[in-house]
Structures are given as structure tokens and as C-alpha cells.
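By convention in this document, chain letters (A, B, ...) are assigned in the order of the sequence lines, proteins followed by strands, and residues within each chain are numbered from 1.
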There are 2 protein chains.
Amino acid sequence: MPTQSRRERARAERHELILRTARELAESIGWGAVTTRRLAEAIDYSQPVLYGHFENMNAIADAVAIQGIEELIDVLRHARTSTPDATAGLNALAKAYLKYASNHPAVYEAIFVRPTDLEFASTDSPLLLKTAFAEFQAAIEPFAAGEDLETLTEVLWSALHGQATLSHASRLRPELSSARADLLVKVITS
Amino acid sequence: MPTQSRRERARAERHELILRTARELAESIGWGAVTTRRLAEAIDYSQPVLYGHFENMNAIADAVAIQGIEELIDVLRHARTSTPDATAGLNALAKAYLKYASNHPAVYEAIFVRPTDLEFASTDSPLLLKTAFAEFQAAIEPFAAGEDLETLTEVLWSALHGQATLSHASRLRPELSSARADLLVKVITS
DNA sequence: CTAGATTGTCTAGCAGTGCTAGGATTCGGG
DNA sequence: CCCGAATCCTAGCACTGCTAGACAATCTAG
């Protein structure tokens, strides 16, 4: 039955088209301006089509967030494991995190800033968040030195998250992003 | 002419009423649900009255933010200067910051999270932000130890901001807020 | 004290939002 | 070829921020 599968394939393609377009729109005009009408216009369908794929507009942003966190996990893992020693690994992880937030601000916003019931509601998102958390934990574990590892990980992640969001809101001097990451790592590892 | 002054007084009172009500509403139902109609209903006037006092809805949130940052500056200064030594001062400042964010999440959101053109546009808000920044700087200055003071201040503030926002978004274990602040201070001062 | 001007307030309405019900249209199976 | 089913769109609801214009209250001046 090639018919059914073709339909399903077309449907899956449109599903991805919606996500890709929503992400592009958000990155170019901001989530606040990503409306159902604009998004529908961009994919060349009427608004109700969106609701055949997602429960509501928020679910679309959540789906983008889940895609994003998967990307982010890869980025962090790669940064952490492709360095000679633990200190360089932590530094690379911090830089990679800030770079991702800076390069994909709308996706970062969807993951960590936008109001969402993603953390506890969805099925797989808590696992993804835990996986991302584990990357931070693995990177900082060599420097725990008697401190509670989980608490230290929360402190590290929060510190980077704060730099990412304040940086995006133009509250920090933009040219010193790297220096802040360096200093944070230095303070933690010393 | 007592007439004119009475009018001005009534107008100023209503101005404050709007701000107070907006703040209360935001703290109880969130900024997203603070609409012009609901706010007008709450102060027992029609919506257009709001626009006689503020340019738009965003300006109301900005005004709440300015009130909030003034409060926050006082809170930080008091925490910092009412301790025996510098380490205790920094710790008290960190705790006070997180406590304010936790006790007034909507105000904190108005100041630091909500999209706003407050930082550069308004006349007095940059000064207020700088004053708040100076409080952080004064608290951490004894521990700079050769590092660039301003960069270190940004790192401290970002770290606390990250803890405040992630905490509010239920991404951190709520009962360990104090432990995270302690650990952050310990890491910085050691 | 009254007439006119000014100030203040509200009703009604605009365009845009998320979301949905119902009809139209296209498609696949018999 | 025709009927049922899946698919899609038009139209509309209740809401949003914001504004124009009518109305009422108040102050000023004669």
C-alpha cells in the first residue's frame, strides 16, 4: 500500500516544514510575532492545518525547544569530550553553551525562557533536560572537591544561563562574553 | 488655586493606583493575564483612562519595573552594609537578591526578563541599573584579587540572575536555593 | 447665576490574536 | 464510475491593545 505511506510521508514532511518555518520565523522576527496566521501564510496553508499537527501554538514552540535541546546536548558533549584535559573541557563546554544561545536565541528562548509546561508535562522532555544536565555534571565533576556535585552543577548551569539571557537582553558588554566564561571557569576550578 | 492642585493630586493618586493594581495583578495572575480591560476593571475605570497616564501597556510594566529596581537597590544596599565582614556581606547580598526575586517574581520579571526597551530608552533607568550594578560591584570588590572588577561583577550578577530565573521556572531544586547561593559565594571568595 | 470653553470619561469600534465549527473539495477503494 | 472518507478552507467567536468621537462634568468669565 504505497498510498497510505505516501500520505503519511507527506504529512510528516509538512510536520517538519511547520517546525522549520516556525524556527526560522522566530529567529528572524521573534516568538512574539510568530502568529498562527503568519506561520500558516509562510507554509502556504490555512491556520487550521497547524492544529492538525499540533495542539496549539505553544506546542509548536515546545517542539522547536525539544529539537533545540537535542542539538544542544550534542554540542555540549562534543565540546566537552574533544579537549585534552578536564579544565579545557569545562571551558569548551561553557563557551559552546554561550555560543549556541547566542547563535540561536529564539531556540534558546523556547527551551529555557518561554513560559511552557514542557519540563514536567511532556514525555521525553524531562529525560532530555536530565541528559543536558548530565553533560554539565560530567564536565564539572573533576572540580567538585568535596562539594555536593549536583548543587555545583546547578550553580554552573545557572551562571551560564544568566550570562546567556542577560547578554541577549543587552545587559552585559557583548565583546566580553568570552572573558566572562573564562573567569567563571577559573573561579570554579581554582 | 486649590482646584488645579486638587486635580493634580487626584491624578497622581490614580497614577499610583494604576501602578499598584498592575503590580498586584501581575503577582497574582502573571503579566500575560494583565490586560488593559482587566486592569481598567480593577481600578474601576474604562481602558482609555490608562492611556491618559501611560503611553501603552508596556509602559505600565516598565514603570512597575522602575519602582522595583529602586526597591531592589535598597534591599541590596541594606544587606551588604549590615554585616560584620566582606564575605558575610557578599553572602547576604546574594541571599537578598534571590529572596527578592522569589518574593516578587512578577516585578523581577518586569525588570529583567520581560522584553522592554527600558535599558537604553528611558531617562533614569540606565542610572538605576548602574546603581544596582554598583551594589554588586561594591560587594565583590574585596575578592577581585587581580581579576577585572567589572567582568567579575558581571559574572556574579549573571550567576545570581540565572539562579533566580531557573528557580522560578522550576528547573532547580527549590529547597536548595540557599545552598546554591552559599556555594556560589564560596567559589568566588576562595 | 448663567453661557461658553475646557477638561475628563465612556461607549463603540478597529485591526489583530488563538482557536474552532461547518461546509466544500479532493482523493482512494470498490 | 461512484460513493465514502480524508483533507482543507472559509467564516466566525471571544479575546487582545489601542483610539476616535460623543457625552458629561467642571471651571472661567461676564
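Contact annotation: A/T36 side-chain N/O to C/dG18 OP1/OP2 distance is under 4.0 Å. Considering only side-chain N and O atoms, A/R14 lies nowhere under 4.0 angstrom from the phosphate OP1 or OP2 of D/dT7. A close approach under 4.0 Å does occur between a side-chain nitrogen or oxygen of B/R38 and OP1 or OP2 of D/dT16.
Between the CZ atom of B/R11 and the C1' atom of C/dG8 there is a distance of 10 Å, given to the nearest Å. Rounded to whole angstrom, the span from the OH atom of A/Y45 across to the C1' atom of C/dC19 amounts to 20 Å. The CD atom of B/E41 sits 15 Å away from the C1' atom of D/dC15 (whole-angstrom rounding). Summarising the geometry, the separation between CG on B/L17 and P on C/dT9 is reported as 12 Å, rounded to the nearest angstrom. Here C/dT17 presents its C1' atom at 14 Å from CG of A/N58, a figure rounded to the nearest Å. Going from atom CG of B/N56 over to atom P of D/dT19 covers 8 Å, rounded to whole Å. Between B/F54 atom CZ and D/dT19 atom P there is a gap of 15 Å when expressed in whole angstrom units. With rounding to whole Å, A/M57 atom CE is found 14 Å from C/dT20 atom P.
Here the rule is side chain to side chain contact (heavy atoms under 4.5 Å, CB included) with A/L184, and of B/I188, B/L152, B/V155 only B/V155 fits it.
Nearest to the side chain of A/S46, among D/dT10, C/dA12, C/dG18, sits D/dT10. Nearest to the side chain of B/Q47, among D/dC18, C/dC19, D/dC9, sits D/dC18. Closest contact between the side chain of A/Y51 and the listed nucleotides D/dC8, C/dC19, D/dT16 involves C/dC19. Side chain of B/P48, nearest nucleotide from C/dT11, D/dG17, C/dA21: C/dT11.
Using a 3.5 Å distance cut-off with no hydrogens or angles, the side chains of B/H53 and B/Y45 do not pair a donor with an acceptor.
Remark: the backbone N or O of B/L90 is not paired with any side-chain donor or acceptor of B/R80 at under 3.5 angstrom.
Residue B/K95 qualifies as enclosed at atom NZ: its count of foreign heavy atoms under 6.0 Å is above 12.
Classified by interplanar angle (parallel below 30°, tilted 30° to 60°, perpendicular above 60°), the ring pair B/F112/B/Y97 is tilted.
B/R37 contributes a side-chain N or O that forms a donor-acceptor pair with the base of D/dG17 under 3.5 Å.
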